[in-house]
Amino acid sequence: MELIITEKDNAARRIADILSGGTYDSSRENGVNVYEWGGKRCVGLSGHVVGVDFPSEYSDWRDVEPAELIDADVEKTATKENIVATLRILARKATQVTIATDYDREGELIGKEAYEIVRDVNADVPIQRVRFSSITENEVKSAFDEPDELDFDLAAAGEARQIIDLIWGASLTRFLSLSAGQLGDDFISVGRVQSPTLKLIVDREREIEAFDPEPYWELFADLEKREGDTDAFEAQYFYRDEDDNEAERVWEEAVADEVYETLSSRDSATVVDVNRRTRTDTPPTPFNTTQFIRAASAIGYTAKRAMSIAEDLYTAGYITYPRTDNTVYPDDLDPEDLLDDFVGHSTLGESAESLLEADEIVPTEGDEETTDHPPIHPTGEIPTRGDVSDDEWEIFELVVRRFFATVADAAVWEHLKVVAEVADYRLKANGKRLVEPGYHDVYPYFSTTENFVPDVDEGEELSLSDVELEEKETQPPRRYGQSRLIETMEDLGVGTKSTRHDILEKLYDRGYVESDPPRPTRLAMAVVEAAEEYADRVVSEGMTAQLEADMDAIAHGEATLDDVTDESREMLEEIFANLADSREEIGDHLRKSLKDDKRLGPCPECGEDLLVRRSRHGSYFIGCDGYPDCEYTLPLPSTGKPLIMESECEEHGLNEIKMLAGRQTFVHGCPLCKAEDAGEGPILGDCPECGDEHGGELAIKTLQSGSRLVGCTRYPDCEYSLPLPRRGDIEVTDEYCDDHDLPELVIHSGDEPWELGCPVCNYQEFQARESESGSELEALEGIGAKTVEKLAAVGIESVDDLTDADPDAVADDVEGISADRVRTWQAKA
DNA sequence: GCAAGGTC
């Protein structure tokens, strides 16, 4: 029995299909698919099924000095036990093992991991290795016809990376976390890839913070032909700077005014130069992961979302493997055959048919040609619109159209530059026209905006009008967007096609960046500063560059795994020697930055800082840093995680707050304004729960959701609350309840005012009735206790009340209840 | 509970 091992299930199934001619049987062992035919079995791993870690005696962060990790053993343990177990069972019975993991360095290491599992249970079985760049019949069959050996040196190169990454990452992460006392979920992490990426973001932020805007002026005017009926076109003033380059920005106001005066006083300009040229706009190259993410981001997808959709489309068989560096289609991809698959399709067919009309189809090629996977392209399998979500379809169409574009013709633009003179001043207009749309016809994601400038002749007089002088300011550099960051990581050689987008997510998870485009927190800046000072290697892309060189040396037999890891350990020892004395200083700085990230501005009561805090129950609120001397608090909405925005409230000097809750994310604004204008209405009296002890008071409140209640001003510390109806004006009368010393309330909605009375008495009466009429309501099918409570808050307390009620009014008044539901209940009642 | 790299 021959056993074939692949890197993933998907590859196992496709190889089984090719080698068996579609006759394989599949079964499941321990939740792992096994494909079987004519004396062969094929099983897929799930990437690495073993991982490196320290022995368990190193696992308590407080008991182990971080520096001890440098020389600790590094063990390999199974991380996917069911797969390892299955592999062991299959390997025992095997008479031949073939490793068919991906054709790249990490694939070689995964292959070696499988090799060791096999060897452990079967000391003698021959183990061979096959390599292929894409899972197509030709490639796979010829790979299996000429099997090779595992490349242990290449695998060792990968192991060196694992060890170095673990030792550096774990020891420095623990050091920073311990120094700042951040030991829970909020540890402070450092790593060979995440930290240089974070430094990119932090460096850009430093430029932005240091930026000093400078004013400048630009001048525009409209030009128009005197004859014919063409439209006017816009021209811009320019001059020659000291390097004889064309410059449009005027740096002195007086000069700008002078030009403006002159241009405004004239009504004509003379054409002094006409320059026409055609430009070829070559079609884009095939998608690798990075370029795919970039294109998806241009149509509104985050890196994470784009990859997640691509993975789904891949698993469903509509597109090829989405993690690839390759930008050259393999030889066995026949573009004509693939185009044929789209002929006749309702939305994609027309483009495919037009492309098939070409005499010759030659796809574009990028610079990178790798051995692991082809560029991302459609497989020819087309989902129907019902099979996939709108987002999936949009991404599928992007991949299809990108493939179309790579086999389409170039586009041709005509550029027309006109220079006209007014007195000693010059104006220029740049026109462009798309003469041959070429690939743009099948790939509508790039801008094809034209700019109209008419045909003019040298010496021609044009009329001049609408002179405008615009004052502007130089702008700071822009933050990196997610896709730009991923491209930069690729340029620097940091991370891999499979991990770059995950690294970005990690920076969000660790509290290092917020918002989109990612903005670094103060914590991130402090971590980068500390690393720059004591462990510069770990924030520099140079560490990866050196590691790559070392890995190449191991792969080529010029160095050993021990040579490389020993040297790396020595460097880390030196770093820790320098760090030892600065632990407290680093910790102080990190702690201060953590606090800065929670700061909103001054407390209106005592002037200390207001901070975003979390209550014991996990809900967020705003509290004063002066606590317990100052007990000032402000509430925050209960949905989402608060993000402190850059914008400040002019009235209170507090940063505004955004509540992050996925699709339900919203801007809450200044929490003090919110509390003042919407949140807290009139104070009714002392809070019966905490009034005596803490001085809490009851107030009428309107929540973010629009629902209202009588609640304690010390919320969220005190959660005492009483329900109020959603609609109607609330009148606070000057009649007081003897029992509770609270004013009686009247609700004005519709014709008859509803005398709710003392809110405490009202609630108590409601609770008393609940056991009787409440159960009466609850007896109706489809009404639960929660609903009974909601209905009571709008005065529906019995079955009679319910049958009398207007379903539409109830639906309006009560959140989460539709008029139809009310009608259903009425029918049952 | 640390990293980065596979994969889902």
Side-chain angles (χ1 to χ4, degrees), chain A residues 6-12 31-33 44-54 56 58-70 72 74 76 79-80 82-83 101-114 155 157-178 182-198 289 304 307-316 321-324 372-373 489 494-507 509-510 535 538 543-544 547-548 551 568 572:
Chain A
T6 67
E7 188 153 324
K8 41 191 171 280
D9 174 60
N10 221 307
V32 183
N33 291 328
L45 307 175
S46 181
H48 291 286
V49 293
V50 296
V52 291
D53 208 346
F54 302 111
S56 58
Y58 291 91
S59 52
D60 192 323
W61 292 29
R62 272 160 300 209
D63 281 357
V64 181
E65 274 300 316
E68 288 178 48
L69 297 177
I70 302 171
V74 174
K76 274 194 193 182
T79 50
K80 302 266 165 58
N82 61 326
I83 298 178
T101 47
D102 290 356
Y103 186 7
D104 56 17
R105 185 173 58 218
E106 217 62 34
E108 210 66 20
L109 176 52
I110 291 166
K112 191 203 162 195
E113 289 160 5
E159 288 179 307
R161 178 200 59 69
Q162 288 185 315
I163 294 167
I164 290 170
D165 282 341
L166 174 66
I167 295 178
W168 281 69
S171 64
L172 289 168
T173 293
R174 286 195 192 182
F175 180 88
L176 290 187
S177 303
L178 284 163
Q182 292 290 111
L183 288 186
D185 294 336
D186 300 322
F187 60 86
I188 297 172
S189 67
V190 175
R192 172 179 59 85
V193 175
Q194 61 172 276
S195 298
T197 305
L198 187 57
T289 303
K304 178 187 174 179
M307 283 311 287
S308 150
I309 293 175
E311 278 152 19
D312 289 344
L313 292 171
Y314 156 70
T315 316
Y321 193 61
R323 296 187 270 263
T324 177
D372 52 353
H373 298 283
M489 291 170 76
V494 162
T496 72
K497 67 225 176 195
S498 317
T499 59
R500 291 186 192 111
H501 64 279
D502 291 331
I503 295 282
L504 268 191
E505 280 305 304
K506 184 173 283 188
L507 298 182
D509 289 347
R510 298 282 196 267
V538 85
M543 178 161 175
T544 294
L547 183 59
E548 287 289 342
M551 284 195 287
S568 186
L572 192 54

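Per chain, numbering begins at 1; letters A, B, ... match sequence-line order.
- Judged as a side chain to side chain donor-acceptor pair (under 3.5 Å), and not counting sequence neighbours, the contacts of A:Arg192 are A:Asp165, A:Thr544.
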How would nucleotides 2-7 of chain B be written as a contact map, 5' to 3', with B for base contact, S for sugar-phosphate-only contact and - for no contact, using protein heavy atoms under 4.0 Å? BBBBBB
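- Between the CE atom of A:Met307 and the C1' atom of B:dC8 there is a distance of 12 Å, rounded to whole Å.
- Residues forming a ring-ring contact (aromatic ring centres under 6.0 Å, His included) with A:Tyr321 (at least two apart in sequence, or on another chain): A:Tyr314, A:His373.
- Residues meeting the salt bridge (charged side-chain N to carboxylate O under 4.0 Å, His left out) test with A:Asp372, sequence neighbours left out: A:Lys497.
- Taking the side chain to side chain donor-acceptor pair (under 3.5 Å) definition, one finds that A:Glu548 meets it with A:Arg105, sequence neighbours left out.
- Applying the salt bridge (charged side-chain N to carboxylate O under 4.0 Å, His left out) rule to A:Lys8 yields the partners A:Asp102; only residues at least two apart in sequence or on another chain are considered.
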